[in-house]
Structures are given as structure tokens and as C-alpha cells.
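First the structure, in the form of C-alpha cells, and then the observations on it.
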Amino acid sequence: MRKIAVYPGTFDPITHGHSDIVRRATQLFDRVIIAVSENTHKNPAFDFKERIALAAEVLADNKRAQVKGFSNLLVDFAREQNADTIIRGLRAVSDLEYEFQLASMNRKLSPNIETIFLMPDEQYTYLSSSIVRQVAALKGDISGFVHPSVFIALTGKHR
Ligand code: COA
């Protein structure tokens, strides 16, 4: 049986930290669906289509990774995709409380879907999309944190 996992997030935009998690996940699963959330309370800098397109471009070389958008409940989307696992990245202990809440609610909603946590490489533990956006807005060098196409998209926003 093919093992399918979903890796959900806002991806506003996708960073090297996210890609590192995807790389690790695709070593464990036959297919990993990067699930870009439309309904976000975060008021994203990139719209839904842009976030999907950037993630697809960044992950184009990884044959086991596929990018899709979703706007329903995550567990319903996972079920539609025949996925029985949700992947989340854990960067530091401070992530745990929020992740525990998400995973617990998802388990309550759908007991058959398991959440597993992967740690990104140490060099990405301090990365987040908003910190990268902030550095880009202040004309700092973000080339070490994001794929060239995200670099172009982000610097283009702050010209
Ligand atoms: N590398 C870099 N950054 C990382 C990272 C990693 N490995 N792991 C997490 N992050 C960052 C993200 O960039 C993001 O940073 P930001 O806040 O600066 O934008 C932050 O950590 C966490 O965001 P993200 O991983 O995008 O998750 P989220 O909290 O925005 O998304 C959803 C949460 C989309 C998964 C959740 O809201 C959801 O499932 N929504 C669907 C509706 C639903 O089912 N709701 C009920 C769920 S209980």
C-alpha cells in the first residue's frame, strides 16, 4: 500500500526550512502532499495562488512531493487525498504547545489520522516565513533562506 502524508501550512512563502522538512518526509513516505492553506487568519503577503505556485516551483525536482491548495478542514482534505498521516515541523520547544493543540484537535476530529513531527536541520531552527519577509522588507539579504524564485518574488514586492 502506498503511504501518503500531507504537510500543511500557510507557506507565506515557502523557505529552506519547509523544504528541508519535505525532503525528510519524502524519504519516509511514497508521496507527500504539501497542503497550502487558503483560509488563514494570518493575512498573508502572498495570495493563495502565489503561495501554491512558489511552493510548486521550489519543490519541482522532488518527484514524491506534490503541492495542492485546500480550504476545508485539514483532516477532511487528508481523507480526500487518502493520506493517513499529517506531518508538522518542530523547530524548538516553543513550537510544541501550539502543535500539541493542533494535533490533539485533529486526532479528536479524525482518530485514524496520525500526526508526526519532524525536526528541520539545525541551521533552520530559527527560520520562519514572517522573519524572512521582515528581513526582505528592510532590504536584508535573504538569499541563504529561500529558493531563488522565492527570492525574486519577495525582493520584487519590496522594490
Ligand atoms: N521552516 C521554516 N519555518 C517553519 C517551519 C520550518 N520547518 N515550520 C514552521 N515554520 C514557520 C512557518 O513559516 C510559520 O511562520 P510564520 O508564522 O512566520 O508565518 C510558522 O512556523 C507556523 O506556520 P505554518 O507551519 O504555516 O502553520 P500555520 O500555523 O500557519 O498553519 C494550519 C496552520 C494551516 C496547518 C492550520 O491552521 C490548519 O490546519 N488549517 C486548516 C483548517 C483546520 O483544519 N483547522 C483545524 C486544525 S486543528
Side-chain angles (χ1 to χ4, degrees), residues 4-29 32-56 58-59 62 65 67-81 83-138 140 142-147 149-151 153-154 157-158:
I4 303 172
V6 293
Y7 174 38
T10 309
F11 301 106
D12 184 36
I14 186 166
T15 69
H16 283 342
H18 295 121
S19 302
D20 184 75
I21 296 287
V22 173
R23 184 182 59 76
R24 290 169 197 281
T26 51
Q27 286 168 354
L28 299 172
F29 292 86
V32 175
I33 297 164
I34 293 76
V36 180
S37 170
E38 177 174 31
N39 296 330
T40 174
H41 51 281
K42 287 185 164 176
N43 191 18
F46 290 97
D47 70 28
F48 188 41
K49 279 190 177 156
E50 288 175 316
R51 286 181 283 128
I52 294 171
L54 282 174
V58 170
L59 300 170
N62 188 333
V67 179
K68 292 189 177 183
F70 77 106
S71 46
N72 50 347
L73 263 185
L74 175 59
V75 290
D76 290 341
F77 175 75
R79 223 178 281 122
E80 285 164 17
Q81 303 298 319
D84 57 9
T85 308
I86 294 168
I87 308 265
R88 291 287 288 172
L90 266 191
R91 292 162 300 170
V93 179
S94 50
D95 282 343
L96 196 63
E97 201 171 331
Y98 174 60
E99 293 301 334
F100 188 83
Q101 189 184 18
L102 277 189
S104 304
M105 177 54 87
N106 285 330
R107 176 177 283 174
K108 200 86 193 153
L109 293 169
S110 185
N112 298 329
I113 297 180
E114 207 62 67
T115 300
I116 70 166
F117 299 99
L118 297 177
M119 275 167 53
D121 192 277
E122 259 173 43
Q123 61 178 317
Y124 303 129
T125 48
Y126 60 91
L127 260 194
S128 75
S129 299
S130 52
I131 208 162
V132 169
R133 289 199 311 271
Q134 203 180 99
V135 173
L138 297 171
I142 54 157
S143 58
F145 311 128
V146 295
H147 184 276
S149 44
V150 175
F151 178 89
L154 255 179
K157 270 200 188 295
H158 299 293

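Numbering of residues begins at 1 and proceeds along the displayed sequence. Counting starts at 1 for both ligands and their atoms, in listed order.
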Open item on the list: Any nitrogen or oxygen of Leu74, side chain or backbone, less than 3.5 Å from one on ligand 1?
Closed with: yes
TODO: Indicate the atoms forming the closest heavy-atom contact of Ser110 with Arg79, along with that distance.
DONE: OG-NH2, 3.2 Å
Task: Closest protein heavy atom (residue, atom, distance) for atom 18 (O) of ligand 1 - done: Ser130 OG, 2.3 Å
Task: Closest non-hydrogen atom pair, Leu59 against Ile34 - done: CD1-CG1, 3.6 Å
Task: Identity of the nearest option to atom 42 (C) of ligand 1, non-hydrogen atoms only, from Asn39, Val75, Asp12, Asn72 - done: Asn72
Open item on the list: Restricting to non-hydrogen atoms, name the atom on Ile86 and the atom on Asn106 that form the minimum distance, rounded to 0.1 Å.
Closed with: CD1-ND2, 4.0 Å
TODO: Looking only at distances, please establish whether an N/O atom of ligand 1 is found under 3.5 Å from an N/O atom of Arg133.
DONE: no
- [ ] Just jot down the ligand 1 atoms closer than 4.0 angstrom to any heavy atom of Thr15, in number order.
- [x] 1 (N), 2 (C)
TODO: State whether the number of non-hydrogen atoms from other residues, nucleotides or ligands found under 6.0 Å of Lys49 atom NZ is greater than 12.
DONE: no
Open item on the list: If you measure every N or O of Leu102 against every N or O of ligand 1, does any of those distances drop under 3.5 Å?
Closed with: no
Task: For atom 29 (O) of ligand 1, closest protein heavy-atom neighbour - done: Tyr98 OH, 2.8 Å
- [ ] For atom CZ of Arg107, decide whether the heavy atoms of other residues, nucleotides or ligands shown that lie under 6.0 angstrom number more than 12.
- [x] no
- [ ] Examine distances only and state if a side-chain atom of Arg51 and a backbone atom of Ser37 form a donor-acceptor pair shorter than 3.5 Å.
- [x] yes
Open item on the list: For the residue pair Asp20 / Gln123, report whether a side-chain donor-acceptor contact shorter than 3.5 Å exists.
Closed with: no
Task: Phe117 to Ala103 - nearest heavy-atom pair and separation - done: CZ-CB, 4.1 Å
Open item on the list: Can you check atom 38 (C) of ligand 1: any protein non-hydrogen atom closer than 4.0 Å?
Closed with: no
Task: Within reach of ligand 1, part of His18 (heavy-atom separation under 4.0 Å) - done: both
Task: Residue pair Met119 / Thr125, side-chain heavy-atom distance below 4.5 Å - done: no
Task: Structural part of Ile21 in contact with ligand 1, heavy atom criterion under 4.0 angstrom - done: side chain
Open item on the list: Heavy atom to atom 9 (C) of ligand 1, shortest distance: which of Arg91, Met105, Gln134 holds it?
Closed with: Arg91
- [ ] Among all protein heavy atoms, pick the one closest to atom 7 (N) of ligand 1 and tell me residue, atom and distance.
- [x] Gly17 O, 3.3 Å
- [ ] Any atoms of ligand 1 less than 4.0 Å from a non-hydrogen atom of Ser128? List them with their elements.
- [x] 3 (N), 13 (O), 15 (O), 18 (O)
Task: Which residue and heavy atom of the protein sit nearest atom 3 (N) of ligand 1, plus the separation - done: Leu127 O, 3.3 Å
Task: For atom 31 (O) of ligand 1, the protein heavy atom that lies nearest, with its residue and separation - done: Thr10 OG1, 3.8 Å
- [ ] Please round to the nearest 0.5 Å and tell me the distance separating atom CG of Leu154 and atom CG of Asp12.
- [x] 8.5 Å
Task: Any N/O pair Ser37/ligand 1 closer than 3.5 Å - done: no
Open item on the list: If we ignore hydrogens and angles and just use 3.5 Å, is the side chain of Ser129 paired with the main-chain N or O of Phe11 as donor and acceptor?
Closed with: no
Open item on the list: For the OG1 atom of Thr85 and the CD1 atom of Ile33, what is their distance to the nearest 0.5 Å?
Closed with: 11.0 Å
TODO: Grab the two heavy atoms, one from Val32 and one from Phe29, that are nearest each other, plus how far apart they are.
DONE: CG2-CB, 3.9 Å
TODO: Answer yes or no for Phe70: is there a heavy-atom contact with ligand 1 below 4.0 Å?
DONE: yes
Open item on the list: Checking a contact table here: which protein heavy atom is nearest atom 17 (O) of ligand 1, and how many Å away?
Closed with: Lys42 NZ, 3.0 Å
Task: Nitrogen or oxygen atoms of Tyr124 and ligand 1 under 3.5 Å apart - done: no
Open item on the list: Gly89 versus ligand 1: do any nitrogen or oxygen atoms come within less than 3.5 Å of each other?
Closed with: no
TODO: Check whether any N or O atom of Asn106, backbone or side chain, sits under 3.5 Å from an N or O atom of ligand 1, and answer yes or no.
DONE: no
Task: Sub-4.0 Å heavy-atom approach of Arg88 to ligand 1 - done: yes
Open item on the list: I need the atoms of ligand 1 closer than 4.0 Å to a non-hydrogen atom of Ser129, numbered in the order shown.
Closed with: 13 (O), 15 (O), 18 (O), 19 (O)
Open item on the list: So which atom in Gln81 and which in Ile4 form the shortest heavy-atom distance, rounded to 0.1 Å?
Closed with: O-CD1, 3.8 Å
Task: For atom 46 (C) of ligand 1, closest protein heavy-atom neighbour - done: Leu73 CD2, 4.1 Å
